[in-house]
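Following: one structure in C-alpha coordinates, then a few remarks.
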Amino acid sequence: MSNIFTSSVGKKFIMSLAGLFLIIFLVLHLSINITLILFKTPETFNKAATFMGNNPVIKIMEVVLFGGILLHMIYGAVLQIQNLLARPVRYKKSNYSQTSFFSKYMLHTAIIITIFLVIHLLDFWIKNKFLGEVHDITYADGKTYHDLGALVIERFQIGWVVIVYVVLLLGLGFHLHHSFQSAFQTLGLNHKTYTPVIKALGVIYSIVVAGGFISIPVVIYFLK
Amino acid sequence: MNITLKIWRQKNRDDKGKFVTYKLGDVSAEMTFLEMLDYLNEKLIREGADPVAFDSDCREGICGMCGLYINGRPNGPRKGVTTCQLSMSAFKDGDTITVEPWRAKAFPVIKDLVVDRTSFDKIIQAGGYISVNTGAAPEANAIPVKKENAERAFDAGICIGCGSCVAACTNASAMLFVSAKVSQLALLPQGRVEAKERVRAMVQAMDELGFGNCSNTGACEVECPKEISLSHIARLNREYFTAGIT
(Lines give C-alpha, C1' and ligand atoms only; values in the text may rest on other atoms or scores of the structure.)
Protein backbone atom coordinates (compact mmCIF):
# COMPACT_ATOMS: atom_id res chain seq x y z
CA MET A 1 0.00 0.00 0.00
CA SER A 2 3.04 2.27 0.08
CA ASN A 3 2.18 3.65 -3.36
CA ILE A 4 -1.18 4.91 -2.18
CA PHE A 5 0.32 8.26 -1.18
CA THR A 6 2.60 8.71 -4.17
CA SER A 7 1.11 7.07 -7.27
CA SER A 8 -1.39 8.90 -9.45
CA VAL A 9 -4.12 6.33 -8.82
CA GLY A 10 -3.39 6.28 -5.07
CA LYS A 11 -3.52 10.04 -4.70
CA LYS A 12 -6.85 10.11 -6.49
CA PHE A 13 -8.12 7.34 -4.21
CA ILE A 14 -7.38 9.48 -1.15
CA MET A 15 -8.89 12.54 -2.81
CA SER A 16 -12.10 10.73 -3.68
CA LEU A 17 -12.48 9.26 -0.19
CA ALA A 18 -11.99 12.71 1.35
CA GLY A 19 -14.44 14.09 -1.22
CA LEU A 20 -17.11 11.52 -0.38
CA PHE A 21 -16.67 12.33 3.30
CA LEU A 22 -17.25 16.01 2.51
CA ILE A 23 -20.28 15.06 0.43
CA ILE A 24 -21.79 13.34 3.48
CA PHE A 25 -20.86 16.30 5.69
CA LEU A 26 -22.74 18.68 3.38
CA VAL A 27 -25.95 16.67 3.80
CA LEU A 28 -25.68 16.94 7.58
CA HIS A 29 -24.80 20.63 7.38
CA LEU A 30 -27.74 21.36 5.10
CA SER A 31 -30.22 19.34 7.15
CA ILE A 32 -29.44 21.54 10.17
CA ASN A 33 -29.30 24.85 8.31
CA ILE A 34 -32.51 24.31 6.40
CA THR A 35 -34.42 24.38 9.72
CA LEU A 36 -33.74 28.14 9.71
CA ILE A 37 -36.18 28.62 6.87
CA LEU A 38 -38.47 25.66 7.58
CA PHE A 39 -39.47 26.89 11.03
CA LYS A 40 -40.66 30.28 12.24
CA THR A 41 -37.97 30.75 14.87
CA PRO A 42 -34.35 29.65 14.84
CA GLU A 43 -34.95 27.53 17.98
CA THR A 44 -34.39 24.13 16.29
CA PHE A 45 -31.32 25.47 14.52
CA ASN A 46 -29.83 26.89 17.72
CA LYS A 47 -30.46 23.67 19.62
CA ALA A 48 -28.87 21.59 16.87
CA ALA A 49 -25.93 23.99 16.54
CA THR A 50 -25.32 23.94 20.29
CA PHE A 51 -25.47 20.15 20.29
CA MET A 52 -22.96 20.06 17.42
CA GLY A 53 -20.70 22.48 19.28
CA ASN A 54 -20.67 20.52 22.55
CA ASN A 55 -20.93 16.85 21.61
CA PRO A 56 -17.48 15.24 22.04
CA VAL A 57 -17.94 12.93 19.03
CA ILE A 58 -18.85 15.90 16.83
CA LYS A 59 -15.86 17.81 18.21
CA ILE A 60 -13.56 15.02 17.05
CA MET A 61 -15.38 14.92 13.72
CA GLU A 62 -14.77 18.65 13.37
CA VAL A 63 -11.04 18.00 13.40
CA VAL A 64 -11.51 15.11 10.96
CA LEU A 65 -13.57 17.43 8.76
CA PHE A 66 -10.88 20.10 8.59
CA GLY A 67 -8.37 17.33 7.95
CA GLY A 68 -10.53 16.00 5.14
CA ILE A 69 -10.87 19.45 3.56
CA LEU A 70 -7.11 20.02 3.77
CA LEU A 71 -6.32 16.56 2.40
CA HIS A 72 -8.75 17.05 -0.50
CA MET A 73 -7.25 20.48 -1.25
CA ILE A 74 -3.60 19.47 -0.95
CA TYR A 75 -3.96 16.35 -3.06
CA GLY A 76 -6.07 18.28 -5.55
CA ALA A 77 -3.36 20.93 -5.82
CA VAL A 78 -0.56 18.37 -6.22
CA LEU A 79 -2.48 16.47 -8.92
CA GLN A 80 -3.34 19.71 -10.69
CA ILE A 81 0.28 20.87 -10.76
CA GLN A 82 1.34 17.49 -12.19
CA ASN A 83 -1.42 17.79 -14.79
CA LEU A 84 -0.20 21.21 -15.90
CA LEU A 85 3.37 19.92 -16.12
CA ALA A 86 2.21 16.96 -18.23
CA ARG A 87 1.46 19.34 -21.10
CA PRO A 88 4.22 21.97 -21.20
CA VAL A 89 3.24 23.15 -24.70
CA ARG A 90 -0.50 23.82 -24.90
CA TYR A 91 -2.67 23.42 -27.98
CA LYS A 92 -3.48 26.56 -29.89
CA LYS A 93 -7.01 25.41 -30.52
CA SER A 94 -8.30 22.89 -27.99
CA ASN A 95 -11.09 21.67 -25.77
CA TYR A 96 -13.65 21.01 -28.49
CA SER A 97 -14.32 17.46 -27.29
CA GLN A 98 -17.94 16.76 -26.42
CA THR A 99 -17.48 16.01 -22.73
CA SER A 100 -19.41 16.94 -19.62
CA PHE A 101 -19.26 20.69 -19.10
CA PHE A 102 -18.64 20.82 -15.36
CA SER A 103 -15.80 18.28 -15.37
CA LYS A 104 -13.63 20.75 -17.27
CA TYR A 105 -13.96 23.41 -14.59
CA MET A 106 -13.20 21.47 -11.40
CA LEU A 107 -10.14 23.64 -10.67
CA HIS A 108 -12.09 26.85 -11.21
CA THR A 109 -14.97 25.74 -9.01
CA ALA A 110 -12.49 24.46 -6.41
CA ILE A 111 -10.99 27.96 -6.20
CA ILE A 112 -14.49 29.44 -5.85
CA ILE A 113 -15.25 26.99 -3.02
CA THR A 114 -11.99 27.88 -1.27
CA ILE A 115 -12.89 31.58 -1.41
CA PHE A 116 -16.35 30.71 -0.14
CA LEU A 117 -14.91 28.66 2.69
CA VAL A 118 -12.76 31.57 3.91
CA ILE A 119 -15.67 34.02 3.76
CA HIS A 120 -18.06 31.56 5.37
CA LEU A 121 -15.74 30.61 8.22
CA LEU A 122 -14.94 34.26 8.94
CA ASP A 123 -18.64 35.09 8.81
CA PHE A 124 -19.99 32.53 11.24
CA TRP A 125 -17.58 29.94 12.57
CA ILE A 126 -14.91 32.38 13.79
CA LYS A 127 -17.51 34.82 15.14
CA ASN A 128 -19.26 32.05 17.05
CA LYS A 129 -16.26 30.15 18.27
CA PHE A 130 -13.59 32.75 18.92
CA LEU A 131 -14.99 36.27 18.84
CA GLY A 132 -17.94 35.66 21.14
CA GLU A 133 -20.22 37.72 18.92
CA VAL A 134 -23.12 35.35 19.49
CA HIS A 135 -25.56 36.10 22.27
CA ASP A 136 -27.18 33.52 24.48
CA ILE A 137 -30.86 32.73 24.45
CA THR A 138 -32.97 30.71 26.91
CA TYR A 139 -35.79 28.57 25.54
CA ALA A 140 -38.86 27.00 27.19
CA ASP A 141 -36.81 24.01 28.32
CA GLY A 142 -34.95 26.35 30.68
CA LYS A 143 -31.60 25.74 29.01
CA THR A 144 -29.40 28.40 27.45
CA TYR A 145 -28.23 28.16 23.86
CA HIS A 146 -25.99 30.19 21.55
CA ASP A 147 -28.28 32.27 19.35
CA LEU A 148 -26.30 31.56 16.18
CA GLY A 149 -29.55 31.70 14.20
CA ALA A 150 -29.94 35.39 15.02
CA LEU A 151 -26.44 36.06 13.67
CA VAL A 152 -27.24 34.23 10.45
CA ILE A 153 -30.54 36.05 9.95
CA GLU A 154 -28.88 39.39 10.69
CA ARG A 155 -26.07 38.69 8.21
CA PHE A 156 -28.48 37.75 5.42
CA GLN A 157 -30.38 41.03 5.72
CA ILE A 158 -27.57 42.58 3.67
CA GLY A 159 -28.25 42.30 -0.06
CA TRP A 160 -24.68 42.00 -1.29
CA VAL A 161 -23.86 39.29 1.25
CA VAL A 162 -26.78 37.25 -0.08
CA ILE A 163 -25.60 37.76 -3.67
CA VAL A 164 -22.04 36.72 -2.79
CA TYR A 165 -23.33 33.58 -1.08
CA VAL A 166 -25.63 32.66 -3.97
CA VAL A 167 -22.91 33.11 -6.61
CA LEU A 168 -20.25 31.22 -4.66
CA LEU A 169 -22.67 28.42 -3.74
CA LEU A 170 -23.43 27.96 -7.44
CA GLY A 171 -19.73 27.16 -7.78
CA LEU A 172 -20.16 24.49 -5.11
CA GLY A 173 -23.09 23.03 -7.04
CA PHE A 174 -21.08 22.85 -10.27
CA HIS A 175 -18.22 21.18 -8.41
CA LEU A 176 -20.55 18.61 -6.86
CA HIS A 177 -22.23 17.91 -10.20
CA HIS A 178 -19.08 16.19 -11.45
CA SER A 179 -17.53 15.08 -8.18
CA PHE A 180 -20.22 12.70 -6.95
CA GLN A 181 -20.00 10.25 -9.86
CA SER A 182 -16.30 10.96 -10.35
CA ALA A 183 -15.51 9.73 -6.84
CA PHE A 184 -17.21 6.40 -7.53
CA GLN A 185 -15.35 6.01 -10.82
CA THR A 186 -12.03 6.71 -9.08
CA LEU A 187 -12.78 4.11 -6.44
CA GLY A 188 -13.25 1.65 -9.27
CA LEU A 189 -17.02 1.45 -8.91
CA ASN A 190 -18.27 1.43 -12.47
CA HIS A 191 -21.10 -0.85 -13.49
CA LYS A 192 -23.27 -1.10 -16.57
CA THR A 193 -26.49 -0.83 -14.55
CA TYR A 194 -25.48 1.18 -11.49
CA THR A 195 -23.25 3.87 -13.02
CA PRO A 196 -26.14 5.64 -14.79
CA VAL A 197 -28.00 5.56 -11.45
CA ILE A 198 -24.96 7.01 -9.64
CA LYS A 199 -24.67 9.73 -12.29
CA ALA A 200 -28.36 10.62 -11.90
CA LEU A 201 -28.01 10.62 -8.10
CA GLY A 202 -25.01 12.93 -8.46
CA VAL A 203 -27.02 15.42 -10.48
CA ILE A 204 -29.93 15.26 -8.01
CA TYR A 205 -27.52 15.57 -5.08
CA SER A 206 -25.78 18.63 -6.52
CA ILE A 207 -29.07 20.36 -7.30
CA VAL A 208 -30.63 19.56 -3.90
CA VAL A 209 -27.54 20.49 -1.87
CA ALA A 210 -26.57 23.64 -3.77
CA GLY A 211 -30.23 24.64 -4.19
CA GLY A 212 -30.88 23.99 -0.51
CA PHE A 213 -27.95 26.09 0.67
CA ILE A 214 -28.80 28.87 -1.80
CA SER A 215 -32.42 28.96 -0.63
CA ILE A 216 -31.35 29.78 2.95
CA PRO A 217 -29.88 33.29 2.43
CA VAL A 218 -32.48 34.06 -0.25
CA VAL A 219 -35.49 33.09 1.87
CA ILE A 220 -34.05 34.84 4.94
CA TYR A 221 -33.43 38.04 2.94
CA PHE A 222 -36.93 38.20 1.55
CA LEU A 223 -39.01 36.71 4.36
CA LYS A 224 -37.26 37.18 7.70
CA MET B 1 -13.09 22.78 -52.42
CA ASN B 2 -10.61 25.40 -51.23
CA ILE B 3 -9.29 25.17 -47.71
CA THR B 4 -6.83 27.04 -45.52
CA LEU B 5 -4.50 24.94 -43.38
CA LYS B 6 -2.76 26.18 -40.26
CA ILE B 7 -0.11 23.56 -39.67
CA TRP B 8 2.40 23.30 -36.84
CA ARG B 9 5.92 23.32 -38.31
CA GLN B 10 8.89 22.41 -36.13
CA LYS B 11 12.31 21.48 -37.57
CA ASN B 12 13.37 19.18 -34.73
CA ARG B 13 12.93 18.46 -31.01
CA ASP B 14 14.77 21.61 -29.96
CA ASP B 15 13.17 24.00 -32.44
CA LYS B 16 10.55 26.33 -30.97
CA GLY B 17 8.17 25.71 -33.86
CA LYS B 18 5.39 27.86 -35.31
CA PHE B 19 2.16 27.71 -37.27
CA VAL B 20 2.44 28.10 -41.04
CA THR B 21 -0.63 28.86 -43.13
CA TYR B 22 -1.17 27.09 -46.46
CA LYS B 23 -3.93 27.71 -48.97
CA LEU B 24 -4.92 24.55 -50.80
CA GLY B 25 -7.31 24.43 -53.74
CA ASP B 26 -8.91 21.55 -55.63
CA VAL B 27 -9.37 19.43 -52.52
CA SER B 28 -11.84 16.65 -53.18
CA ALA B 29 -14.38 15.64 -50.53
CA GLU B 30 -13.49 12.05 -51.37
CA MET B 31 -9.89 12.45 -50.22
CA THR B 32 -8.94 11.23 -46.78
CA PHE B 33 -7.29 13.74 -44.48
CA LEU B 34 -3.88 12.13 -45.04
CA GLU B 35 -4.38 12.12 -48.82
CA MET B 36 -5.08 15.83 -48.55
CA LEU B 37 -1.77 16.24 -46.66
CA ASP B 38 -0.02 14.11 -49.34
CA TYR B 39 -1.52 16.45 -51.92
CA LEU B 40 -0.20 19.47 -50.01
CA ASN B 41 3.24 17.86 -49.72
CA GLU B 42 3.40 17.14 -53.47
CA LYS B 43 2.70 20.80 -54.02
CA LEU B 44 5.36 21.83 -51.48
CA ILE B 45 7.95 19.49 -53.04
CA ARG B 46 7.21 20.91 -56.50
CA GLU B 47 7.80 24.37 -55.07
CA GLY B 48 11.07 23.20 -53.52
CA ALA B 49 9.76 23.62 -49.97
CA ASP B 50 10.15 21.20 -47.06
CA PRO B 51 7.11 18.87 -46.97
CA VAL B 52 5.08 18.55 -43.78
CA ALA B 53 6.24 15.56 -41.73
CA PHE B 54 3.45 13.35 -40.40
CA ASP B 55 3.23 9.71 -39.33
CA SER B 56 1.18 7.07 -41.10
CA ASP B 57 1.44 3.41 -41.90
CA CYS B 58 -1.57 1.18 -42.59
CA ARG B 59 -4.01 3.98 -43.44
CA GLU B 60 -6.93 1.75 -42.50
CA GLY B 61 -7.31 2.55 -38.81
CA ILE B 62 -5.39 -0.37 -37.37
CA CYS B 63 -1.77 0.60 -36.76
CA GLY B 64 -2.34 3.69 -34.62
CA MET B 65 0.44 5.75 -36.19
CA CYS B 66 -1.38 8.65 -37.80
CA GLY B 67 -3.06 10.66 -35.05
CA LEU B 68 -3.26 14.42 -35.53
CA TYR B 69 -4.96 17.11 -33.48
CA ILE B 70 -7.38 18.68 -35.95
CA ASN B 71 -9.45 21.76 -35.10
CA GLY B 72 -9.16 21.26 -31.36
CA ARG B 73 -9.91 17.53 -31.35
CA PRO B 74 -7.86 14.38 -31.85
CA ASN B 75 -8.57 12.91 -35.31
CA GLY B 76 -10.89 15.77 -36.22
CA PRO B 77 -14.64 16.20 -35.95
CA ARG B 78 -15.92 12.68 -36.62
CA LYS B 79 -16.49 10.05 -33.95
CA GLY B 80 -14.78 6.67 -33.83
CA VAL B 81 -12.26 7.26 -36.62
CA THR B 82 -8.50 7.56 -36.80
CA THR B 83 -6.98 10.48 -38.72
CA CYS B 84 -6.39 8.27 -41.75
CA GLN B 85 -10.07 7.29 -41.75
CA LEU B 86 -11.19 10.91 -41.61
CA SER B 87 -12.73 11.98 -44.89
CA MET B 88 -12.41 15.51 -46.22
CA SER B 89 -16.21 15.44 -46.57
CA ALA B 90 -16.14 16.39 -42.86
CA PHE B 91 -15.08 19.88 -44.01
CA LYS B 92 -16.59 22.39 -46.37
CA ASP B 93 -15.34 24.87 -48.91
CA GLY B 94 -13.58 27.83 -47.32
CA ASP B 95 -12.86 26.08 -44.02
CA THR B 96 -9.75 26.87 -42.01
CA ILE B 97 -8.29 23.72 -40.48
CA THR B 98 -5.80 23.90 -37.61
CA VAL B 99 -3.49 20.88 -37.44
CA GLU B 100 -1.31 20.31 -34.39
CA PRO B 101 0.76 17.38 -33.14
CA TRP B 102 -0.23 15.50 -29.96
CA ARG B 103 0.80 17.73 -27.07
CA ALA B 104 2.18 15.99 -24.01
CA LYS B 105 5.43 16.02 -22.08
CA ALA B 106 5.60 12.25 -22.62
CA PHE B 107 5.11 12.67 -26.39
CA PRO B 108 7.87 15.07 -27.51
CA VAL B 109 7.60 16.42 -31.04
CA ILE B 110 10.24 14.95 -33.36
CA LYS B 111 9.39 17.01 -36.42
CA ASP B 112 6.30 18.99 -37.49
CA LEU B 113 3.35 16.71 -36.66
CA VAL B 114 5.38 13.62 -35.73
CA VAL B 115 5.67 12.81 -32.04
CA ASP B 116 7.74 10.24 -30.21
CA ARG B 117 5.35 7.74 -28.61
CA THR B 118 8.06 5.51 -27.12
CA SER B 119 6.46 6.21 -23.72
CA PHE B 120 3.62 3.85 -24.64
CA ASP B 121 6.13 1.12 -25.50
CA LYS B 122 7.80 1.65 -22.13
CA ILE B 123 4.47 1.24 -20.33
CA ILE B 124 3.84 -2.02 -22.22
CA GLN B 125 7.39 -3.20 -21.43
CA ALA B 126 6.69 -2.57 -17.74
CA GLY B 127 3.96 -5.22 -17.62
CA GLY B 128 1.62 -5.26 -20.60
CA TYR B 129 2.32 -8.88 -21.46
CA ILE B 130 1.90 -12.42 -20.18
CA SER B 131 4.86 -14.68 -19.54
CA VAL B 132 4.48 -17.95 -21.43
CA ASN B 133 6.75 -20.91 -21.70
CA THR B 134 8.06 -21.70 -25.13
CA GLY B 135 6.89 -24.83 -26.84
CA ALA B 136 3.90 -25.89 -28.84
CA ALA B 137 0.83 -23.71 -28.55
CA PRO B 138 -1.65 -25.29 -26.11
CA GLU B 139 -5.19 -26.20 -27.14
CA ALA B 140 -7.05 -22.87 -27.25
CA ASN B 141 -10.22 -24.19 -25.63
CA ALA B 142 -8.50 -25.99 -22.76
CA ILE B 143 -8.98 -22.99 -20.43
CA PRO B 144 -12.62 -21.96 -20.12
CA VAL B 145 -13.29 -18.19 -20.40
CA LYS B 146 -16.63 -16.64 -19.53
CA LYS B 147 -18.17 -15.26 -22.70
CA GLU B 148 -18.85 -11.85 -21.11
CA ASN B 149 -15.22 -11.56 -20.00
CA ALA B 150 -13.93 -12.63 -23.38
CA GLU B 151 -16.01 -9.89 -24.98
CA ARG B 152 -14.88 -7.23 -22.50
CA ALA B 153 -11.27 -8.27 -22.94
CA PHE B 154 -11.75 -7.95 -26.68
CA ASP B 155 -13.32 -4.49 -26.26
CA ALA B 156 -10.19 -3.42 -24.37
CA GLY B 157 -7.86 -5.31 -26.69
CA ILE B 158 -8.87 -3.30 -29.74
CA CYS B 159 -6.84 -0.34 -28.39
CA ILE B 160 -4.32 0.53 -31.11
CA GLY B 161 -2.10 2.67 -28.88
CA CYS B 162 -2.56 5.75 -31.07
CA GLY B 163 -2.38 8.21 -28.18
CA SER B 164 -5.67 9.98 -28.94
CA CYS B 165 -6.66 9.57 -25.27
CA VAL B 166 -3.54 11.40 -24.11
CA ALA B 167 -4.03 14.05 -26.78
CA ALA B 168 -7.69 14.58 -25.85
CA CYS B 169 -7.18 14.61 -22.09
CA THR B 170 -6.95 18.06 -20.56
CA ASN B 171 -4.34 16.58 -18.21
CA ALA B 172 -2.46 14.58 -20.88
CA SER B 173 -3.27 11.45 -18.89
CA ALA B 174 -2.63 8.00 -20.35
CA MET B 175 -5.18 6.27 -18.14
CA LEU B 176 -7.46 5.05 -20.94
CA PHE B 177 -4.55 3.45 -22.79
CA VAL B 178 -3.07 1.87 -19.66
CA SER B 179 -6.48 0.73 -18.43
CA ALA B 180 -7.26 -0.90 -21.78
CA LYS B 181 -4.00 -2.84 -21.64
CA VAL B 182 -4.50 -3.77 -17.97
CA SER B 183 -8.15 -4.77 -18.54
CA GLN B 184 -7.46 -6.84 -21.61
CA LEU B 185 -5.17 -9.12 -19.61
CA ALA B 186 -6.89 -8.86 -16.21
CA LEU B 187 -10.12 -10.24 -17.66
CA LEU B 188 -8.56 -13.44 -18.96
CA PRO B 189 -7.27 -16.38 -16.89
CA GLN B 190 -3.87 -16.31 -18.59
CA GLY B 191 -3.46 -12.68 -17.52
CA ARG B 192 -4.57 -13.18 -13.92
CA VAL B 193 -1.29 -14.87 -12.99
CA GLU B 194 0.69 -11.63 -13.16
CA ALA B 195 -2.24 -9.24 -12.65
CA LYS B 196 -1.01 -7.62 -9.42
CA GLU B 197 2.55 -7.01 -10.54
CA ARG B 198 1.31 -5.83 -13.92
CA VAL B 199 -1.03 -3.11 -12.70
CA ARG B 200 1.52 -1.79 -10.19
CA ALA B 201 4.34 -1.73 -12.72
CA MET B 202 2.29 -0.16 -15.50
CA VAL B 203 0.88 2.59 -13.28
CA GLN B 204 4.37 3.30 -11.95
CA ALA B 205 5.78 3.51 -15.49
CA MET B 206 2.92 5.77 -16.54
CA ASP B 207 3.59 8.12 -13.61
CA GLU B 208 7.35 8.19 -14.14
CA LEU B 209 7.00 9.02 -17.83
CA GLY B 210 5.25 12.28 -16.94
CA PHE B 211 1.67 11.65 -18.02
CA GLY B 212 -0.97 13.61 -16.12
CA ASN B 213 -3.63 12.29 -13.73
CA CYS B 214 -7.11 11.22 -14.72
CA SER B 215 -9.85 13.63 -13.66
CA ASN B 216 -12.73 11.65 -15.16
CA THR B 217 -13.73 14.25 -17.74
CA GLY B 218 -14.33 11.48 -20.25
CA ALA B 219 -12.68 13.31 -23.17
CA CYS B 220 -10.56 10.20 -23.88
CA GLU B 221 -13.61 7.97 -24.23
CA VAL B 222 -15.27 10.46 -26.58
CA GLU B 223 -12.21 10.86 -28.79
CA CYS B 224 -10.91 7.28 -28.79
CA PRO B 225 -11.07 6.06 -32.40
CA LYS B 226 -11.84 2.58 -31.04
CA GLU B 227 -14.42 3.95 -28.56
CA ILE B 228 -12.86 2.27 -25.55
CA SER B 229 -14.97 2.75 -22.44
CA LEU B 230 -14.15 4.61 -19.23
CA SER B 231 -15.26 1.48 -17.38
CA HIS B 232 -11.79 0.10 -18.09
CA ILE B 233 -10.29 2.96 -16.07
CA ALA B 234 -12.51 1.96 -13.15
CA ARG B 235 -11.28 -1.61 -13.58
CA LEU B 236 -7.66 -0.40 -13.51
CA ASN B 237 -8.43 1.46 -10.26
CA ARG B 238 -10.03 -1.68 -8.79
CA GLU B 239 -7.10 -3.82 -9.88
CA TYR B 240 -4.67 -1.32 -8.38
CA PHE B 241 -6.38 -1.16 -4.99
CA THR B 242 -6.91 -4.89 -4.69
CA ALA B 243 -3.26 -5.40 -5.67
CA GLY B 244 -2.38 -3.08 -2.80
CA ILE B 245 -4.45 -4.68 -0.07
CA THR B 246 -4.22 -8.38 -0.95
Side-chain angles (χ1 to χ4, degrees), chain A residues 1-17 75-76 78-107 110 178-192 194-195 198-199 202, chain B residues 6 8 17 19 69-74 77 79 98 100-106 108-109 166-175 199-200 203-204 206-207 209-223 229-245:
Chain A
M1 284 299 268
S2 60
N3 293 341
I4 195 91
F5 297 106
T6 52
S7 74
S8 58
V9 180
K11 276 184 286 213
K12 291 201 58 220
F13 181 72
I14 292 173
M15 220 186 140
S16 60
L17 281 183
Y75 271 88
V78 169
L79 289 165
Q80 187 61 45
I81 290 165
Q82 286 180 334
N83 291 345
L84 291 172
L85 293 175
R87 181 164 287 142
V89 183
R90 319 298 291 177
Y91 291 110
K92 182 171 180 264
K93 189 174 180 184
S94 71
N95 234 357
Y96 283 79
S97 301
Q98 306 287 311
T99 59
S100 85
F101 177 79
F102 298 116
S103 69
K104 293 179 186 172
Y105 298 100
M106 291 304 275
L107 173 66
H178 174 67
S179 55
F180 191 89
Q181 55 100 2
S182 181
F184 284 92
Q185 165 79 5
T186 299
L187 295 176
L189 304 170
N190 185 306
H191 188 276
K192 215 165 48 190
Y194 303 127
T195 296
I198 289 170
K199 282 188 176 173
Chain B
K6 277 188 180 167
W8 182 259
F19 280 96
Y69 202 80
I70 302 160
N71 274 352
R73 293 178 67 176
K79 211 174 145 40
T98 308
E100 298 174 72
W102 284 174
R103 295 285 190 202
K105 187 187 166 203
V109 174
V166 176
C169 177
T170 177
N171 311 322
S173 166
M175 280 287 271
V199 69
R200 283 200 200 115
V203 167
Q204 193 186 340
M206 171 183 83
D207 291 350
L209 288 160
F211 289 103
N213 307 292
C214 173
S215 57
N216 302 330
T217 68
C220 54
E221 182 185 47
V222 174
E223 299 297 357
S229 157
L230 277 187
S231 64
H232 296 297
I233 295 184
R235 182 172 298 102
L236 179 146
N237 293 339
R238 279 203 299 279
E239 287 285 324
Y240 191 81
F241 303 137
T242 48
I245 54 175

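Chain identifiers are assigned alphabetically (A, B, ...) following the order of the sequence lines, protein sequences preceding nucleic acid strands; residue numbering begins at 1 within each chain. Because the structure is a prediction, the values reported are computed rather than measured.
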Please classify the contact between Ser215(B) and chain A as side chain, backbone, both or neither, with a heavy-atom cut-off of under 4.5 Å. backbone

Contact origin within Pro101(B) toward chain A - heavy atom pairs under 4.5 Å: backbone

Please walk me through it: do Lys12(A) and Asn216(B) pass side chain to side chain contact (heavy atoms under 4.5 Å, CB included)? CA-CA 11 Å; Lys12(A) 291 201 58 220; Asn216(B) 302 330; 3.9 Å; yes

Under 4.5 Å from any heavy atom of chain A, what part of Leu236(B) do you find: side chain, backbone, both or neither? side chain

Heavy-atom pairs under 4.5 Å with chain A, option from Ala168(B), Gly218(B), Ser173(B), Cys169(B) with the top count: Cys169(B)

Would you say the side-chain atoms of Asp207(B) and Ser7(A) include a donor-acceptor pair closer than 3.5 Å? no

If I measure from the heavy atoms of chain B, does Leu84(A) come under 4.5 Å with its side chain, its backbone, both, or neither? neither

Using non-hydrogen atoms only, which part of Thr195(A) is less than 4.5 Å away from chain B: side chain, backbone, both, or neither? neither

Chain A contacts, top residue of Lys6(B), Arg103(B), Met206(B) (heavy-atom pairs, under 4.5 Å): Arg103(B)

Out of Ala234(B), Ala106(B), Gly212(B), return the one with the most heavy atom pairs under 4.5 angstrom to chain A. Ala234(B)

Take Lys199(A) and Phe184(A) through the test side chain to side chain contact (heavy atoms under 4.5 Å, CB included) and record every step on the way to the result. CA-CA 9 Å; Lys199(A) 282 188 176 173; Phe184(A) 284 92; over 6 Å; no

Decide yes or no for Leu187(A) and Leu17(A): does some side-chain heavy atom of the first lie under 4.5 Å from some side-chain heavy atom of the second? yes

Sequence neighbours left out, what pairs pass salt bridge (charged side-chain N to carboxylate O under 4.0 Å, His left out) with at least one residue falling in residues 90-107 of chain A? none

Inter-residue atom distance Leu230(B).CG - Glu221(B).CD, 0.5 Å rounding: 4.0 Å

Answer with side chain, backbone, both or neither: which region of Ala167(B) has an atom nearer than 4.5 Å to a non-hydrogen atom of chain A? both

Pick one of side chain, backbone, both or neither for Cys214(B), based on which atoms fall under 4.5 Å of a heavy atom in chain A. both

Side chain to side chain, Lys79(B) and Gln98(A), heavy atoms closer than 4.5 Å: no

So what's closer than 4.5 Å to chain A heavy atoms on Glu223(B): side chain, backbone, both or neither? side chain

Turns out that what part of Phe211(B) lies under 4.5 Å from chain A's heavy atoms comes down to backbone

Should the pair Tyr69(B) and Tyr91(A) be assigned to parallel (<30°), tilted (30 to 60°) or perpendicular (>60°) ring geometry? parallel

Under 4.5 Å between any side-chain heavy atoms of Met175(B) and Asn237(B), yes or no? yes

Identify which of Ile233(B), Asn71(B), Thr242(B) forms the greatest number of heavy-atom pairs closer than 4.5 Å to chain A. Asn71(B)

Heavy-atom distances under 4.5 Å only: say whether Asn213(B) touches chain A with side chain, backbone, both or neither. both

